[in-house]
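Below is one structure, written out as structure tokens; the observations come after it.
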Amino acid sequence: MNWNWPKIRTIAFGILAGVVASAGTIAVTVAGFALSYDAIRAVGIASRIRTEWAWLLPVSVDGAMAVGTIAAVVLRRMTGKTAVYPWVVVLIGAAISIACNGLHAIPPAGAELVIPERWVRFAVSAIPAVMLALSVHLLVTLVEAASVFGAGEGDAPPQRPADAPADKPADAPAPLPVTRPAPVVTQAVDAAPAAPSGAPASAAPKPAQPAVTRFVTQADALPRRTREVVMRRPVSAPPADRDAAMAQALDAVLKGGASIRGAARDADVPEASLRREVNKRREATQTNGHQFELAGSTTKGN
């Protein structure tokens, strides 16, 4: 087996460096907290805080710094931006800790710390209340950020780019699936009557209308939503048959009183063409009647 010794050495050195750095960080943290604890506690006692409660002063300062550091990291992960306010809290706690350690070093060795200035004692006594307010506010900020972060992950709708096309209305019906037609059964409808056996081919009557093929889909072949029972499609007919169908439709409208749409559907002719022919016939009829009235009036006058 070939060992990749450079890679193994790199990994080993990385693990060793991580262990040393972690141990050093823990040692520095413990030492710094212990020394700072003693100095801040001495300042608290010198500021006339009860001896049995003076140990809570360094706890409030260092605890607020820890809360600010954690809040800064968590808010950075949630919002993606650097949180300024938590770092301000950390800086305030660090400044208080540095000031208290400096005051603790003022008296000579072996002498007891005494703070005669009233404003200094006032400021030291206000430290726990200030740290409490800052810590509670950081907690509320974390809760609000967590609620917004959770809503953005699950409840908020996905954002659409500005150049994306507008979505369809919610109430628009979904398009039906496109399926291939099932096998159909064709049957001729309204076919032209057969000519008598003894009559010549030229004497055979013309069909009244073109043949129409009716497509009937099988009921079980398509889904229920796309099922169609009857679908009619006209078969292309010769020009003579089209003229005959148009003539039949004109007679049905002008003489039989049928509607243009119904006559066009029965004769399988375009509705627009039939409407145009009907209008021409009606205009011609009105013009001829008017000319006949004019001719009769002229004859009577003579």
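- The hydrophobic clustering, which links ILVMFWY residues whose side-chain heavy atoms are closer than 4.5 Å, places V140 and V89 apart.
- Hydrophobic clustering (side-chain heavy atoms under 4.5 Å, transitive across Ile, Leu, Val, Met, Phe, Trp, Tyr) groups I96 together with W119.
- Heavy atoms only, all atoms of each residue included: G68 and P86 are closest at O-CB, 3.3 Å.
- The two residues S125 and P128 come nearest to each other via the heavy atoms O-CD, 3.4 Å.
- N101 contributes atom CG, which lies 11.5 Å from atom CD1 of I106 (distance to the nearest 0.5 angstrom).
- L113 and P107 make their closest contact through CD1-CG, 3.4 Å (heavy atoms, listed as atom of the first residue, atom of the second, distance).
- Between Y85 and L138 the shortest side-chain heavy-atom distance falls below 4.5 Å.
- Residues T141 and L75 have side chains in contact (heavy-atom distance under 4.5 Å, counting atoms from C-beta outward).
- Under a hydrophobic clustering in which Ile, Leu, Val, Met, Phe, Trp and Tyr are joined whenever their side-chain heavy atoms come within less than 4.5 Å, directly or via other members, V74 and M65 fall into different clusters.
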Passes side-chain contact (heavy atoms from CB on, under 4.5 Å), M131 versus I92? Steps please.
CA-CA 9 Å; M131 295 294 104; I92 292 175; 3.9 Å; yes
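- Taking CD from E271 and CZ from R275, the interatomic distance works out to 5.0 Å, rounded to the nearest 0.5 Å.
- Note that the CZ atom of R276 and the CG atom of L274 stand 10.0 Å from one another [nearest 0.5 Å].
- Of the candidates E277, R282, R261, Q248, R282 is the only one forming a side chain to side chain contact (heavy atoms under 4.5 Å, CB included) with V253.
- The distance from the CH2 atom of W87 to the OG1 atom of T69 is 5.0 Å, given to the nearest 0.5 Å.
- Remark: S60 OG to I127 CD1 distance equals 7.0 Å, nearest 0.5 Å.
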CA sep, side-chain torsions, deciding dist, call: V269, R242, side-chain contact (heavy atoms from CB on, under 4.5 Å):
CA-CA 8 Å; V269 295; R242 292 199 191 99; over 6 Å; no
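- The NE2 atom of H137 sits 11.0 Å away from atom CG of L142, with the distance rounded to the nearest 0.5 Å.
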Side chains of residues 37-57: which donor-acceptor partners sit under 3.5 Å, not counting sequence neighbours?
| residue | atom | partner | partner atom | Å |
| --- | --- | --- | --- | --- |
| S47 | OG | V43 | O | 3.0 |
| W55 | NE1 | E52 | O | 3.0 |

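- By the rule that hydrophobic residues join a cluster once side-chain heavy atoms approach within less than 4.5 Å of another member, V88 and V67 end up as members of one cluster.
- At a threshold of 4.0 Å, the pair E117-R121 does not count as salt-bridged, since none of the basic side-chain nitrogens sits closer than that to a carboxylate oxygen.
- Follow the hydrophobic side-chain contacts under 4.5 Å out from F13 and you never reach I8; the two are in separate clusters.
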